[in-house]
Amino acid sequence: MRPLALLLGIVAGSAVSMALGLGMTLMIFFLLPEFQLRLAGEWRPLTTAFGWALALTAAGGAAFYGELRTRRWRRLAQAALFLIAAVMMLRYWPR
C-alpha cells in the first residue's frame, strides 16, 4: 500500500467515526423530547457539524478509493478532501 493511500485511509476512517458520533448525538436529541427547550440552541450547530462531517466522509472515501484503484479522478477527490478539511479547520479552530 502506498503511503498516501494509508494517510487517506486514516483520514477517511476518522471522518466516518466523527460522522457516526455526531449522528448518534443527533439521534439522542431526537429521543429526548422532554429536553427540547434546554437543547434548542444546540440543534443548528449540531446539524451543521454533522453535514460537514458527512461531506468530509464522502470526500475522504472517494479519495481513498480513487488512490487505491489509481483512478484518473483521484487528484480531484483529494483536492476536494483538502478543501473541505481546510474549511472545517477554519470554521472550528478555536479563536
Query raised in the report: Between F50 and W43, is the ring centre distance below 6.0 Å?
Result: no
From [atom1] ([X]) to [atom2] ([Y]), nearest 0.5 Å:
| X | Y | atom1 | atom2 | answer |
| --- | --- | --- | --- | --- |
| R74 | L81 | CZ | CG | 14.5 Å |
| L4 | F64 | CG | CZ | 10.5 Å |
| L6 | E67 | CG | CD | 11.0 Å |
| T47 | E42 | OG1 | CD | 10.5 Å |
| I28 | F35 | CD1 | CZ | 11.5 Å |
| I84 | M89 | CD1 | CE | 14.0 Å |

**Report entry** Minimum heavy-atom distance between T57 and A15, given as atom pair plus value
**Finding:**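 Of all heavy-atom pairs spanning T57 and A15, the closest is OG1-O, 3.0 Å.
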Membership question, hydrophobic clusters at under 4.5 Å side-chain separation (ILVMFWY): are [Y] and [X] in the same one?
| X | Y | answer |
| --- | --- | --- |
| L76 | F82 | no |
| L54 | L46 | yes |
| L32 | L37 | no |

Query raised in the report: For R2, does the CZ atom have more than 12 heavy-atom neighbours from other residues, nucleotides or ligands under 6.0 Å away?
Result: yes
Query raised in the report: How about F29 and Q36: do any of their side-chain heavy atoms sit closer than 4.5 Å?
Result: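 No. Closest side-chain heavy atoms not under 4.5 Å.
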Report task. Report yes if some heavy atom in the side chain of M18 is under 4.5 Å from a heavy atom in the side chain of W52; otherwise report no. Result ->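 In short, these two side chains do not touch, never coming nearer than 4.5 Å.
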